[in-house]
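Okay, structure first, notes after.
Numbered from 1 within each chain, the chains take letters A, B, ... in sequence-line order.
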Protein chains: 2
Amino acid sequence: MLHFSELIKTIKARREMLQVNQEMLAELSGVSLRTIKQFESGKGNPTLQTISKLADALGLELTLQVKQLYPDK
Amino acid sequence: MLHFSELIKTIKARREMLQVNQEMLAELSGVSLRTIKQFESGKGNPTLQTISKLADALGLELTLQVKQLYPDK
DNA sequence: CCGAAAAGTGCAACATAATGCTCTATTTAT
DNA sequence: ATAAATAGAGCATTATGTTGCACTTTTCGG
């Protein structure tokens with residue numbers, strides 16, 4: 001329904017770039033391993049808190065920006 | 001616990017800038033009025049889906065960016 | 001100041017996110 | 001090819017997000 005895949009990809013890519021496995025990320029972020037597995041495998045609808053914890057642990061920042069109306073596609 | 005206030009402020013400011021009240025936003029976004037009230041009054045921990053719906057309706061985009069380590073504060 | 005509109009709150013029902021445990025599948029290194 | 005490491009899934013439980021309804025509070029125009 002939504003473009004969660006974008007966020008998921010970003011999180012996963014970032015985690016892999018940092019050579020952190022799901023288990024480590026679970027410890028670093030305080031989010032359970034089960035939840036991370038679910039999230040990264042594209043299931044579920046994480047809460048803002050969960051996403052924020054993951055983002056923080058990975059040095060990522062969640063932001064809201066005004067969408068460009070006519071991007072030079 | 002987290003910096004939700006930032007996102008909330010952004011959503012609320014955007015809504016007001018567009019001169020849309022909570023009721024209209026509820027209709028536009030498909031998120032219930034009750035949930036919007038809760039969210040904007042700083043309570044709750046919305047799901048990604050809820051945030052996305054609100055963001056979409058307000059022409060905002062949720063993004064994850066690599067955090068600057070030493071911003072020229 | 002007063003009334004109407006908009007925003008916030010308490011309560012309860014329902015849906016579902018978060019979690020742990022166990023097991024399976026896939027990936028990776030030797 | 002195989003073993004070890006990493007990732008994904010099923011199931012059940014607990015916690016909590018979403019919602020509607022009714023009511024209170026705040027904001028704003030006249």
Side-chain angles (χ1 to χ4, degrees), chain A residues 1-69 71, chain B residues 1-69 71:
Chain A
M1 173 187 183
L2 281 157
H3 44 295
F4 292 1
S5 44
E6 292 297 314
L7 289 184
I8 296 176
K9 276 184 204 161
T10 303
I11 294 264
K12 191 166 184 173
R14 176 74 175 168
R15 177 177 67 73
E16 290 172 342
M17 169 187 298
L18 296 177
Q19 295 190 298
V20 170
N21 63 25
Q22 294 178 339
E23 195 172 359
M24 288 171 171
L25 179 55
E27 290 169 4
L28 290 174
S29 65
V31 174
S32 84
L33 181 56
R34 189 70 183 74
T35 298
I36 291 175
K37 286 179 181 305
Q38 234 165 243
F39 174 63
E40 282 198 7
S41 62
K43 306 177 180 168
N45 174 26
T47 63
L48 183 52
Q49 186 170 207
T50 295
I51 299 169
S52 294
K53 284 181 179 175
L54 295 179
D56 280 354
L58 295 171
L60 293 174
E61 197 173 32
L62 197 62
T63 64
L64 268 183
Q65 303 175 322
V66 175
K67 203 179 304 179
Q68 286 300 327
L69 289 186
Chain B
M1 170 182 187
L2 281 157
H3 44 292
F4 291 1
S5 44
E6 292 299 313
L7 290 184
I8 296 177
K9 276 185 203 161
T10 304
I11 293 265
K12 192 166 184 172
R14 177 73 175 166
R15 178 177 67 74
E16 289 171 343
M17 167 187 298
L18 297 177
Q19 295 191 297
V20 170
N21 63 25
Q22 293 178 339
E23 195 172 1
M24 288 172 170
L25 179 55
E27 289 169 5
L28 290 174
S29 65
V31 173
S32 82
L33 181 57
R34 189 68 183 74
T35 297
I36 291 175
K37 286 177 181 304
Q38 236 166 240
F39 175 63
E40 282 198 8
S41 61
K43 306 175 181 170
N45 175 27
T47 63
L48 184 51
Q49 186 171 207
T50 295
I51 299 170
S52 294
K53 284 181 180 173
L54 295 178
D56 280 354
L58 294 171
L60 293 174
E61 196 172 30
L62 196 61
T63 64
L64 267 183
Q65 302 175 321
V66 175
K67 204 180 300 178
Q68 287 299 325
L69 289 186

Student check: side-chain heavy atoms of [X] and [Y] closer than 4.5 Å:
{"X": "V31(A)", "Y": "F39(A)", "value": "no"}
{"X": "E40(B)", "Y": "R15(B)", "value": "yes"}
{"X": "L62(A)", "Y": "L48(A)", "value": "yes"}

Return the set of residues passing side-chain hydrogen bond (donor to acceptor under 3.5 Å, both in side chains) with T35(B) (not counting sequence neighbours), or none when no residue passes.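 By the side-chain hydrogen bond (donor to acceptor under 3.5 Å, both in side chains) rule, T35(B) matches S32(B).
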Criterion side-chain contact (heavy atoms from CB on, under 4.5 Å) on L60(A) and Q65(B), from CA distance to verdict: CA-CA 5 Å; L60(A) 293 174; Q65(B) 302 175 321; over 6 Å; no
What parts of residues 21-37 of chain B reach DNA chain C, counting only heavy atoms under 4.0 Å away? N21(B), Q22(B), R34(B), K37(B)
Length of the line joining [X]:[atom1] and [N]:[atom2], which is rounded to integer Å:
{"X": "K12(A)", "N": "dT27(C)", "atom1": "NZ", "atom2": "C1'", "value": "11 Å"}
{"X": "Q38(B)", "N": "dA12(C)", "atom1": "CD", "atom2": "P", "value": "15 Å"}
{"X": "K43(A)", "N": "dA17(C)", "atom1": "NZ", "atom2": "P", "value": "13 Å"}
{"X": "Q49(A)", "N": "dT16(C)", "atom1": "CD", "atom2": "C1'", "value": "16 Å"}
{"X": "I51(A)", "N": "dA18(C)", "atom1": "CD1", "atom2": "C1'", "value": "13 Å"}

Using atom types as modelled and distance alone, determine if a side-chain donor or acceptor of N45(B) lies under 3.5 Å from a backbone N or O of T47(A). no
Is it true that atom CD of Q19(A) has more than 12 heavy atoms of other residues, nucleotides or ligands lying nearer than 6.0 Å? no
N or O in side chain of T47(B) less than 4.0 angstrom from dT16(C) OP1/OP2: no
Of all nucleotides in DNA chain D that come within under 4.0 Å of a heavy atom of chain B, which is furthest toward the 5' end and which toward the 3' end?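 Listed 5' to 3', the contact boundaries are dG17(D) to dC21(D).
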What's the separation between atom OG in S41(B) and atom CD1 in I36(B), rounded to the nearest 0.5 Å? 11.5 Å
Of P46(A) and E40(B), whose closest DNA chain C nucleotide lies nearer the 5' terminus?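 Looking at DNA chain C, the more 5' nearest nucleotide goes with E40(B).
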